[in-house]
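Report on the structure given below.
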Amino acid sequence: MERQNKFGITSSALHILAMAFMLCDHLWARVVPGNDWLTWVGRLAFPIFAFMIAEGYAHTGNVKKYAKRLLILALLSEIPFNLMYSSSFIYPFHQNVIWTFLIALGLIHFIETIRKKGKLWLTIPVAAVAALFATALGYIAMTDYFGAGVLTVLTFYFFRQKKWWCLIGQMLCLWYINVEMLSGLYYPVEIFGFSFNLVQQSLAMLSLVFIWLYNGEKGYSAKWFRNFCYGFYPLHMLIIALTVIF
């Protein structure tokens with residue numbers, strides 16, 4: 001009997017959306033500044049990638065290989081990131097986002113190791129202390145999105161299920177992370193005569209629309225496509241950097 005496809009968005013489709021959103025943000029930052037709609041769209045990229053890291057951990061059959069792939073990607077991405085971010089090969093004050101994901105992945109694996117020991121009284125406090133440590137490490141190492149980025153991945157790890165309380169947990173955590181922790185640029189907005197300032201980073205909340213449509217299916221997974229998804233991050237940054245420099 002042929003299995004019917006589930007309604008929603010597959011993992012491969014989510015990756016394509018996140019890559020497109022990220023490209024918009026980076027084009028705004030380096031190639032076509034002033035087109036603010038590009039960075040508005042770009043706000044949706046990071047939470048989707050963070051969700052996919054948490055989801056990737058849940059589905060991987062070999063955590064070490066998964067972490068190794070991310071480590072290689074982080075190393076390959078550092079120079080393209082530096083070139084795009086600062087137009088120099090070395091820039092020690094900000095590291096690419098894959099390092100953020102590696103910190104979060106290591107933390108999740110540590111928490112899962114403790115959890116599997118079956119001692120809830122130990123798991124909760126250890127997880128809380130480890131989360132604080134990993135968040136601080138994100139700030140100390142100056143990885144992209146800093147400690148807030150680590151917490152975003154943890155949000156999707158702790159509230160992974162599609163139960164109502166998990167969806168509310170995702171909303172509340174993402175609101176705090178993006179509006180309180182990452183608040184920066186504000187835009188004046190007027191609706192029905194009421195004026196208020198919109199936090200640009202709050203637009204990241206819209207990523208939940210796509211995340212909630214995720215149907216748990218892998219989708220298209222040919223080897224060339226998987227390699228493309230990994231290679232897109234450093235390659236597109238290198239192209240953008242070379243476009244700006246030359």
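Sequential numbering from 1 along the given sequence is applied to the chain's residues. Excluded from the calculations below are hydrogen atoms, water molecules and symmetry mates; all remaining heavy atoms, backbone and side chain alike, are included. Note that the structure is predicted; figures quoted are calculated from it, not measured.
Scanning for side-chain contact (heavy atoms from CB on, under 4.5 Å) contacts around I79 gives L83, F89, with sequence neighbours left out. Remark: K162 engages no residue in a side-chain contact (heavy atoms from CB on, under 4.5 Å) (not counting sequence neighbours). With sequence neighbours excluded, the residues that form a side-chain contact (heavy atoms from CB on, under 4.5 Å) with L73 are S77, I98, Y230, P234. Under the side-chain contact (heavy atoms from CB on, under 4.5 Å) criterion, H109 pairs with Y57, V63, T113, not counting sequence neighbours.
Around CE of M171, the count of heavy atoms belonging to other residues, nucleotides or ligands within 6.0 Å does not exceed 12. Atom CZ of F232 has more than 12 neighbouring heavy atoms from other residues, nucleotides or ligands inside a 6.0 Å radius.
Applying the salt bridge (charged side-chain N to carboxylate O under 4.0 Å, His left out) test to residues at least two apart or on different chains, none of the pairs has a partner in residues 90-105. Identified under the ring-ring contact (aromatic ring centres under 6.0 Å, His included) test for residues 155-181, with sequence neighbours left out: F51-F156.
Atom CG of L122 is separated from atom NZ of K117 by 8.5 Å, given to the nearest 0.5 angstrom. F146 contributes atom CZ, which lies 12.5 Å from atom CG of L137 (distance to the nearest 0.5 angstrom). In this structure, L107 CG and T135 OG1 are separated by 7.5 Å, a value rounded to the nearest 0.5 Å. Distance check, rounded to the nearest 0.5 Å: NE2 of H15 to CE of M22 gives 10.0 Å. Distance check: W212 CH2 to S207 OG gives 9.5 Å after rounding to the nearest 0.5 Å. Of the inter-residue distances, the one linking M142 atom CE with H94 atom NE2 reads 9.0 Å to the nearest 0.5 angstrom.
A 4.5 Å side-chain heavy-atom check between L105 and F110 finds every atom pair outside the cut-off. The closest side-chain heavy-atom distance from M205 to R43 is not below 4.5 Å. The closest side-chain heavy-atom distance from F46 to V97 is below 4.5 Å. For the pair L151 and M181, the minimum side-chain heavy-atom distance is below 4.5 Å. Inter-residue side-chain proximity for I53 and L70 is flagged as met; some heavy-atom pair is nearer than 4.5 Å. Between F7 and N215, the closest side-chain pair of non-hydrogen atoms is not below 4.5 Å. I9 is listed as a side-chain neighbour of F210, based on a closest heavy-atom distance under 4.5 Å. Residues I177 and P47 have side chains not in contact (no heavy-atom distance under 4.5 Å, counting atoms from C-beta outward).
Checked by atom type and distance alone, the side chain of N35 never pairs as donor or acceptor with a backbone atom of W37 at under 3.5 Å. A donor-acceptor pair under 3.5 Å is formed between the side chain of T100 and the backbone N or O of D144. A donor-acceptor pair under 3.5 Å is formed between the side chain of R30 and the backbone N or O of M84. For the pair S88 (side chain) and Y91 (backbone), a donor-acceptor distance under 3.5 Å is absent. Side chain of H236 to backbone of Y233: a donor-acceptor contact under 3.5 angstrom is found.
When all heavy atoms are compared, the tightest approach of V153 to I108 is CG1-CD1, 3.8 Å. Smallest separation of non-hydrogen atoms from S202 and V179: CB-CG2, 3.7 Å. Listed here is the closest heavy atom pair of I48 and A18: CG2-CB, 3.7 Å. Between C173 and T155, the shortest heavy-atom contact is CB-OG1, 3.4 Å. Across all non-hydrogen atoms, the minimal contact from T152 to A50 is CG2-CB, 3.6 Å. Here the shortest heavy-atom pairing between A131 and L154 reads CB-CD1, 3.8 Å.
Criterion: ILVMFWY side-chain heavy atoms under 4.5 Å apart, direct or through other members. Under it, L44 and M19 are part of a common hydrophobic cluster. Connection of L17 to L213 is established within a shared hydrophobic cluster, with ILVMFWY side chains joined at heavy-atom distances below 4.5 Å, either directly or through further cluster members. Under the 4.5 Å side-chain heavy-atom criterion for grouping Ile, Leu, Val, Met, Phe, Trp and Tyr, I168 is connected to I211 within one hydrophobic cluster. Cluster membership check: I72 does not share its hydrophobic cluster with F81, using side-chain heavy-atom separations under 4.5 Å among Ile, Leu, Val, Met, Phe, Trp and Tyr. Put simply, L206 and L23 are part of the same group of oily side chains (I, L, V, M, F, W, Y) that touch within less than 4.5 Å, one to the next.
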>> Would I240 and V31 count as a side chain to side chain contact (heavy atoms under 4.5 Å, CB included) here? Give the steps.
In response: CA-CA 7 Å; I240 289 175; V31 181; 3.8 Å; yes
>> Quick one, L75 with W99, criterion side chain to side chain contact (heavy atoms under 4.5 Å, CB included). Give me CA distance, side-chain angles, the key distance, then yes/no.
In response: CA-CA 9 Å; L75 293 171; W99 297 110; 3.8 Å; yes
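Between Y85 and H26, a ring centre-to-centre spacing not shorter than 6.0 Å is recorded.
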